[in-house]
J.: 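So that we are looking at the same thing, I have put the structure below in structure tokens.
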Amino acid sequence: MNASPVSSTTAGLAVAGCTGLAVFGPLVGLSPAWIALLVGGGLLGLTIDASQLEGMGGHLLAEALPGGKMRLRRVARHEAGHWLVAREEEMKVRRVLVGTRSCLEAGLRSNGATEFELPDQVRLPLEDLRRWSRVLQAGMVAETLLEGSARGGADDRALLGRIWGLSGQDVATAQREQRRARREVEQLLKKRLEDLDVIADRLLEGLDPELT
């Protein structure tokens, strides 16, 4: 059985709301009928989130509230890092998405995504492995440089691990090359922090990230 697609954010809000109504509702004069109606509405919203919104309703709500755009700035900076380093490496980027709504419309369960043209062979030469190591770690590095830490990047690490796992290279080589790639990306992005922020702002506005 697949895990429920309901996000922890949405489920947490629903549980907290139901608990609060049950405990404090009678104290403020809410009748049991109103409490039952509100709890039922919350559960209905949770069901719709699971079936229609891929469990991302909590994220959609957070992004729609005041300050939601600032919440997405971290995501935009992460994707800007991928895009900028991919351009440096002359790797084709299919599209960059920022925001839960954009991702859901594209069929992705995510807050942001940068999609690349994947290699057409399993075992890549070492230089290509190095390029992928730089590009896939660029989002995390950009976040760390601009936000102080990286929250995103689990999918990037997983993909990078698969690429190296299929490469035929030994673990020591993979770890050494990934550390080297991260240092190289850090050096590059430290010199391009202003460009990173400009690209992130363009992505937040739904514009092409290409700098003119």
J.: Just how far is it from atom CG of L136 to atom CH2 of W164, taken to the nearest 0.5 Å?
T.: 11.5 Å
J.: Does a sphere of radius 6.0 Å around CG in D155 hold more than 12 heavy atoms from other residues, nucleotides or ligands, not counting ones at 6.0 Å or beyond?
T.: no
J.: Check R151, H78, H82 against M140 for a side-chain contact (heavy atoms from CB on, under 4.5 Å) and give me the one that passes.
T.: H78
J.: Does CD in E194 sit with more than 12 non-hydrogen atoms of other residues, nucleotides or ligands closer than 6.0 Å?
T.: no
J.: Does E79 use its side chain to pair, donor to acceptor, with the backbone of T114 at less than 3.5 Å?
T.: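 Indeed, once roles are kept as given, a pair shorter than 3.5 Å links the two residues.
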J.: So, Q137 side chain and Q178 main chain: donor-acceptor pair closer than 3.5 Å or not?
T.: yes
J.: Which atom pair, heavy atoms only, marks the closest approach of L203 to A80?
T.: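 For L203 versus A80, the nearest heavy atoms are CD1-N, 3.9 Å.
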J.: Output the distance between atom CZ (R74) and atom CG (L72), rounded to the nearest 0.5 Å.
T.: 12.0 Å
J.: As an exercise, state the distance from OG1 of T173 to CG of D170, rounded to the nearest 0.5 Å.
T.: 3.5 Å
J.: Would you say the side chains of S133 and E177 form a donor-acceptor pair under 3.5 Å?
T.: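 No.
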J.: For E90, I'd like to know if atom CD has over 12 heavy atoms of other residues, nucleotides or ligands within 6.0 Å.
T.: no
J.: Name the residue from R202, R77, R192 that meets the side-chain hydrogen bond (donor to acceptor under 3.5 Å, both in side chains) definition with D197.
T.: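 The single option meeting the side-chain hydrogen bond (donor to acceptor under 3.5 Å, both in side chains) with D197 is R77.
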J.: Write down the atom of R134, the atom of A181, and the distance for their closest heavy-atom approach.
T.: CG-CB, 3.7 Å
J.: How long is the gap from CD on Q169 to CD on Q175, to the nearest 0.5 Å?
T.: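 It comes to 13.0 Å.
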J.: Should K190 and L145 be marked as a side-chain contact (heavy atoms from CB on, under 4.5 Å) after you check the CA-CA gap, both sets of side-chain angles, and the distance that decides it?
T.: CA-CA 7 Å; K190 281 179 179 178; L145 291 175; 3.9 Å; yes
J.: Ignoring hydrogens and geometry, is there a side-chain-to-backbone donor-acceptor pair from R94 to F116 under 3.5 Å?
T.: no
